[in-house]
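As structure tokens, the structure follows; a few thoughts come after it.
Every chain is numbered from 1, with letters handed out A, B, ... down the list of sequences. The structure presented is a predicted model; accordingly, all values stated were derived computationally and were not measured.
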Amino acid sequence: MLRLTCPVCGATGEETEFHAGGEAHLKRFGPGSTDEDFRDYLFQRQNPRGVHFERWRHQYGCGKWFHVARCTQTLEVFGSYTAQTSTVPDHIQSAIKARRPDWEPAQ
Amino acid sequence: MSTRIQSGGRLIDRSRKIGFTFNGQRLTGHPGDTLASALLGSGQVLMGRSFKYHRPRGPVGAGSEEPNALMGLGQGAHFEPNQRATVAELHDGLAATSQNHWPSLDMDVGALNAAMSRFFPAGFYYKTFMAPRSAWKHVFEPVIRKAAGLGKAPTQPDADRYEYFYAYVDVLVVGGGMAGLQAALEAGRAGARVLLLEQTAHLGGRLLSDEVEIDGQPSDIWLAAAVAELQGMDNVTIRTRMMGAGVYDHGYVTGYERLTDHLENATGPRHRLWRIRTDRIVTATGAIERPLSFAGNDVPGVMLAAALRDYVTLYGVTPGDRTVVVTNNDDAYRTAIALKLAGLEVPVILDARDAAIGPLPRQARDLGIRVEVGKGVASVKGGKKVEAVEICSQAGEGTVLETIPCDAVAMSGGWSPVVHLWSHCGGKLVWDVDQAHFRPDASRPPTDHNGAGYVITAGSASGALLSGDAMQDAAAAGRRAAAEVGFIPSEGDAPTAMAEPEEPVQPVWMMPAGASYKLRSKAFLDFQNDVKVSDVQLAAQEGFESVEHAKRYTTLGMATDQGKLSNINGLAVLADSLGTTIPQVGTTTFRPPYTPISMGAIAGEARGAIFKPTRKSPIDGWHDENDAVWEPVADWRRPYTYRRAGETTEQAVHREIRNTRTNVGLLDASTLGKILVKGPDAAKFLDLIYTNMMSSLKPGRCRYGLMCTENGFLFDDGVVVRLSEDSFLCHTTSGGSDGVHAWMEEWLQTEWWDLEVFTSNVTEQFAQVAVVGPKARQLLESLGGMDVSKEALSFMGYAEGELGGIPARVFRISFSGELSYEIGVPASYGRAFWDMLLEKGAALGVMPYGTEALHVMRAEKGFIMIGDETDGTVTPHDLALGWAVSKKKEDFIGKRALQRPDMIRADRKQLVGLATEDPATVLPDGAHAVAGVNEYGDPKTIGHVTSTYFSPTMERSIAMALIDGGAGRMGEVLEFPVGKDSVIRATVVDPVFYDKAGERQDV
Amino acid sequence: MKRYSAFAIAREAFRHHTGWERAWRSPQPKAEYDVVIVGAGGHGLATAYYLAKNHGITNVAVVEKGWLGGGNTGRNTTIIRSNYLQPSSMAIFEKSRGLYEDLSQDLNYNIMFSPRGVMMLAQTEHELRAWKRTAHANRIAGIESEMVTPQQIQEMIPIIQTAGPRYPVLGGLWQARGGSARHDAVAWGYARAASNMGVDIIQQCEVIGVDRDASGVTGIQTTKGAIRTKKLCIVVAGNSGVLADMAGFKLPVESVALQALVSEPIKPALDCVVMANTVHGYMSQSDKGEMVIGGGADSFNNYTQRGSFHHLEETVRALIETFPMVSRLKMLRHWGGIVDMTGDRSPIIGTTPVPGVFINCGWGTGGFKAIPGSGWATAEMLADGAPRALAAPFALDRFTQGRMIDESVAAAVAH
């Protein structure tokens, strides 16, 4: 039963207030892309045992989507941040590094 | 014999007697008794039968860890099986029945299993019952199932109520004994919001039985003061009869409060499931005494030493007059002393250790009790009750040195901290060699959302078994918890608790150490599941070396007590068999809940009609008053049809269709999703969401639109209306509105956040009525108001105005093929508008119709229905809706997917119509067409029926189907095997059966 | 290997059961094997067994980082059925169900297959139509399943409430030869039989690397040393992504926690398996008497084997709605299992981008019932180097082609 904080409205709430939306920072491949790129975008996932960047929606709150950096092994939350970005913000990377010194961003 | 004694019993009120029944026999007890103590007081030690061998059993404990004394309590709709008599509080009229025996508790045929037990070792069932093949299901399994199980199944719906509570606290303290109270005091004094839970009805824990000296005074004085102080703090809440059931991630805890089980004829909720969010949890859950593994340790009358002491001290009852005490530690001497002081006989204390030199043994000896060191129990004699104990040397193989008649045995194998809550979310344990138990490893706690440890143990739950240590540990735990949640705790001295010092425990995992097979096969580890020392040894011998394997192979620790008494003893036997150490063997995982909790409490109040709230349209009341046959549609309920007296459902549907096609029908379409999309980029955005081009739609016009997933499959459809240059109203399916709205927001916020668009789900803001049929215009004109003529409002047009004085949005769209208007009015006008249409339309033959008529009429027109023609694997092209998929747009959701190899296959399933050879024959729902043989050698299915009806309009059966390469099969006759030897033949036809030219709707 | 039988038990009873042998050997790994299977769960062990039995390939190692059968094989709700909708699903699940029928005799280990029947309730018109469609598909594929009426359901399952106020039961899809089996015994039985035929089951042996050269896989690195092989099969539910990453490819898989719970044991009250998908609950009664209840899955990636309590609340609520007496039972324990969910919720059996590396994963919430069939099909693939008919549709390339195998089309959940 996770406890998450929505960075848009600032509310901390129960997991049941939120809706999980899978891996974050996927690059969308549309018309003109190869079958393989399109497959990777649609189906292939990092699915790491460790630090995971993921999308959540504050479904029964402000309704906004946001991103969370979370450990899938311990469920520790390193931070939540705006969904309107295609990269992991520096302060989130630092927060992860502070607690997982060996962590390196996936390629 | 087991009886009520003259003295003691601080929890009972001897001045009053209350009546209860046990297996129909009328007995009495006192207020304050548990069911177990009342039964012991009534001479009843035998309380149940074990699971596998049906051995007679009495209570072995006095608390929630009890494996044996399980009973069915209550009657009828209040009956519940498998309740522990040791925690069930007695009340007037309590009806208890013992379990797992036939024909009676005293005389149980199943006990034959015990006599045959040599043939039923651990896992025997994996090795036999295999021939003949059918025998398992038909012979062996039924016998085993009947013999297994514990209590009887309840048969009636539950008459009780349950509820949820929510609590948000800084510090949750679980356990209301000395440690829990001290921890709560520390955190409470520091200012933290504290919730303290105690699973029993009484605060004080073991202080109630074992008085110690706190700050130089008897502990009762400290206890009263501590409780009073806590009760006086506004920031502290105390709940008794409430168990900390489970610890979950990020500081989520479930609490299980039993509100009325102890009351007669109570009203109000029976149980309450608390959902607690806390930053820190202090588990002051105490420790549980371990049994000793000697032959006959399960005979009724053999009890844990502290439990026996509790019965004497708290309830004034004893299982026997002559109690032999057997131990490997000093604490059990307290039992001998308590018994002696209560005037009962203790013929001998058998201490397996080499010496007993502490103050407690000295005190026992001073009272004249015989103490034998280096000795143990070879075997307990007796069947349904203890008759004697055979003494042997602990070091030997069990040679009987002496037989001592007695009627009770108090055993103590040492104490293990209750680590369950610590472990639920991953707290690790460490083996404490000195105290011979696993205790929480404070350096490896369960971690929360911040990565910080959020469970702190206190007192004996930490492994601090002696009172003085426990008090210090508890104070530190409470202070630490308070500090970690931002309060400043006291730095002063914690109270000093003093009890007699104790000499160390000496681990004894088998008694005697060299016990023969005969003794080992009578020495029980898991009482309820009848797992013996010999069973665990057999598991090890057969290669079940991991603790999980051994547990599952023997069922050790899998009974309803979840191994509270058996785990450590079993691990020790396994480790010994494998020639390794206990910490190397490790423990099994602890799963919530701590003790079983009622399903009723887990479900809470949401049952029956409010199991899931029903969404209702603003016109729902009229339907309900007018014979609606309801159908659940997503979360809504909608009228399937309106069945008049004397009609069948089918007749009603056909009447509604015929009337709509000849006169005028009304459909409550309020459940259709309505999403407002507005903003400078609204048109651009909808071009990406829909497969169609929406930016070319003119204001005041409607267009049927399709939505695909990114995987290219059709998932929702509906009419899009351009209200103005920058605003669109998007209709969705009834079940799809929330999903589509969320879908739009997801893309807007996470992919195309540069677009300036706002969306709003206005589904419930409007009631919507479809006025359908040749006389629809006539009806609307009779209301007065806006111009609804063909000229003013052509097919697929939209206008806003007033009808009969009610503000209205009118869409000229048709899902039936008839002249049709869908009219949206503010929800609060919905019923008035509906009533007005009925009133004004009476002369025109107006008649409401339900969802089934809607379905049939759209099928007659060949219109698809999401969920019927689509199933998540169907593309717009499959449904011959390619015209609604823009080729001009660079991109839309699903466009790329539709270009993949499997999506452009020519032989994909495609939508066709079907005309059965016999027009009266209606194809069954979901019937499959076959042709040839597939790769598995089965008949090859080439498609299936998606919609099938008898059409009252066409006066024949009609159907739609998705058929492999269907578009190229016009005129082909397909075979649909629909039963064992029954085949329906149907011709592939155009799916539009009615008014192919579309003349009726465009008038 | 000594055969198990009632006679053997009787013989051992008179010598204190001292004659029972180890159920499986505990060997050290050899330097090289013809086939190495990673993961000693049901699927991996069954694969090894059928490699040995059907294909005569016995120079096989099954390496396991923990203890055999310790993953989802021993943590599921043991439902066995084959009344799926899509032909490829029907084929492999029915193959599996058929193998279960004789598995106890085949393995000489009582896995307690109990074909007590599986009832899938229809509680909306839509679901009713979906089950009808499935029933037609099943009959044509030779799978015995049939639609039954609410009255029949009430007679077969006396504790059910068919006329609930919110979601009345409108009918059901009944598979009489579906049922359940003892999950641990399936793993143990395969392990014992495979070990007896020469397969090395190496427990407590974690794979830490996959060796490959230009031609493909050459071996693995483990905590018990290097093992050479030309054929490596990854069968590690809940860890598939981690192993695939080591081997150098990615999978369309996400790992989530799925919930299950059991009640305290009671005397027999439910004789079949009941699945109520509309309200998200399914339940059967074990031979021990516990009500075994399956719940929902988290929607976020999770490797903790815990999961979220609110799924249990929903499940229990749904079950009480369907079986009112459940309200007066008690939950004994609950737990989570980590399941691999694929892009279309159907499994993956096939070759991988790395020559010599094969994969079997993605069984989601429905792996237990597939163990024998999956092992059979995977063994065929390992023996031949390429999948045969049973496995072929489940190849990885379907995600590139857009050739989904979607069982949810009939509102089915894959339990």
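The shortest heavy-atom contact between Lys267(C) and Gly149(B) is NZ-O, 3.7 Å. The minimum heavy-atom distance between Ser88(C) and Tyr936(B), with the atom names listed, is CA-OH, 3.3 Å. Here the closest non-hydrogen pair linking Phe124(B) and Ile9(C) is O-CD1, 3.5 Å.
Most heavy-atom pairs under 4.5 Å with chain B: of the set Gln161(C), Met112(C), Glu21(C), Arg129(C), this distinction falls to Met112(C). Between chain C and the residues Asn934(B), Asp868(B), Thr155(B), the largest count of heavy-atom pairs under 4.5 Å involves Asp868(B). Of the residues considered (Lys330(C), Arg328(C), Arg22(C)), Arg328(C) shows the highest number of contacts with chain B, using heavy-atom pairs under 4.5 Å. Looking only at heavy-atom pairs under 4.5 Å with chain B, the residue among Ser5(C), Gly189(C), Gly289(C), Ala269(C) that has the most is Ser5(C). When the candidates Ile159(C), Val262(C), Ile320(C), Asp344(C) are compared by the number of heavy-atom contacts under 4.5 Å with chain B, Ile320(C) comes out ahead. Of the listed residues (Leu128(C), Val326(C), Leu170(C)), the one with the most heavy-atom contacts under 4.5 Å to chain B is Val326(C). For the set Gly142(C), Pro115(C), Ala185(C), Gly164(C), the count of heavy-atom pairs under 4.5 angstrom toward chain B peaks at Pro115(C).
By the 4.5 Å heavy-atom criterion applied to side chains, Pro977(B) and Arg139(C) are counted as neighbours. Here the side chains of His549(B) and Leu68(C) are in contact, with some heavy-atom distance below 4.5 Å. Taking the side chain as every heavy atom from C-beta outward, Pro324(C) and Asp158(B) never approach each other to under 4.5 Å. Looking at Trp24(C) and Phe544(B), their side chains come closer than 4.5 Å, going by heavy atoms from C-beta outward. By the 4.5 Å heavy-atom criterion applied to side chains, Trp136(B) and Ile111(C) are not counted as neighbours. Annotation: side chain of Met558(B) is in contact with side chain of Arg333(C) (closest heavy-atom distance under 4.5 Å). The shortest side-chain heavy-atom distance between Leu150(B) and Glu264(C) does not fall under the 4.5 Å cut-off. With contacts defined as side-chain heavy-atom distances shorter than 4.5 Å, the pair His136(C)/Phe976(B) does not qualify.
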Query raised in the report: Can Asp902(B) and Arg398(C) be said to form a salt bridge (Lys or Arg N to Asp or Glu O under 4.0 Å), step by step?
Result: CA-CA 9 Å; Asp902(B) 202 66; Arg398(C) 73 177 188 272; over 6 Å; no
Requested in this report: Determine, step by step, whether Tyr126(B) and Trp188(C) satisfy the ring-ring contact (aromatic ring centres under 6.0 Å, His included) criterion, reporting the C-alpha distance in whole Å, the side-chain angles of both residues, the deciding distance to 0.1 Å, and the verdict.
Outcome: CA-CA 9 Å; Tyr126(B) 298 122; Trp188(C) 299 341; 5.5 Å; yes
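With respect to the salt-bridge test (charged N to carboxylate O, under 4.0 angstrom), the residues Arg275(B) and Glu313(C) qualify. Ion pair Lys132(C)/Asp925(B) flagged as a salt bridge, since at least one NZ, NE, NH1 or NH2 atom sits closer than 4.0 Å to an Asp/Glu carboxylate oxygen. The pair Glu548(B)-Arg75(C) does not meet the salt-bridge criterion, since no charged nitrogen lies less than 4.0 angstrom from a carboxylate oxygen.
Side-chain contact check for Glu141(B) and Ser114(C): at least one donor-acceptor pair (N or O, by modelled atom type) lies under 3.5 Å. Side-chain contact, Thr946(B) with Arg133(C): no donor N or O sits under 3.5 Å from an acceptor N or O. Arg145(B) and Gln285(C) form a side-chain donor-acceptor contact under 3.5 Å, judged by distance and modelled atom types alone. Side-chain polar atoms of Thr400(C) and Arg900(B) form no donor-acceptor pair below 3.5 angstrom. Between Asn108(C) and Lys127(B), the side chains place no donor N or O within less than 3.5 Å of an acceptor N or O (distance only, hydrogens not considered).
Judged purely by atom type and a 3.5 angstrom limit, Arg317(C) has no side-chain atom pairing as donor or acceptor with the backbone of Lys612(B). Between the side chain of Arg306(C) and the main chain of Cys425(B), a donor-acceptor pair closer than 3.5 Å is present. No donor-acceptor distance shorter than 3.5 angstrom exists from the side chain of Asp406(C) to the backbone of Thr873(B), with no hydrogens or angles considered. At least one donor-acceptor pair closer than 3.5 Å links the side chain of Arg166(C) to the backbone N or O of Pro613(B). Between the side chain of Glu321(C) and the backbone N or O of Gly608(B) there is at least one donor-acceptor pair closer than 3.5 Å. Using modelled atom types, one side-chain atom of Gln541(B) and one backbone atom of Thr18(C) make a donor-acceptor pair closer than 3.5 Å. A donor-acceptor pair under 3.5 Å is formed between the side chain of His126(C) and the backbone N or O of Gly867(B). Listed for the Gln105(C) side chain is a donor-acceptor partner under 3.5 Å among the backbone atoms of Met130(B).
Taking the six-membered ring for Trp and the full ring otherwise, Tyr248(B) and His334(C) have centroids separated by under 6.0 Å. Aromatic pair Tyr4(C)/Tyr125(B): ring centres not closer than 6.0 Å. Checked against the 6.0 Å centroid criterion, the rings of Phe590(B) and Trp335(C) do not qualify as a close aromatic pair.
With a 4.5 angstrom heavy-atom cutoff, Val978(B) touches chain C via backbone and side-chain atoms both. Only the side chain of His183(C) has a heavy atom closer than 4.5 Å to any heavy atom of chain B.
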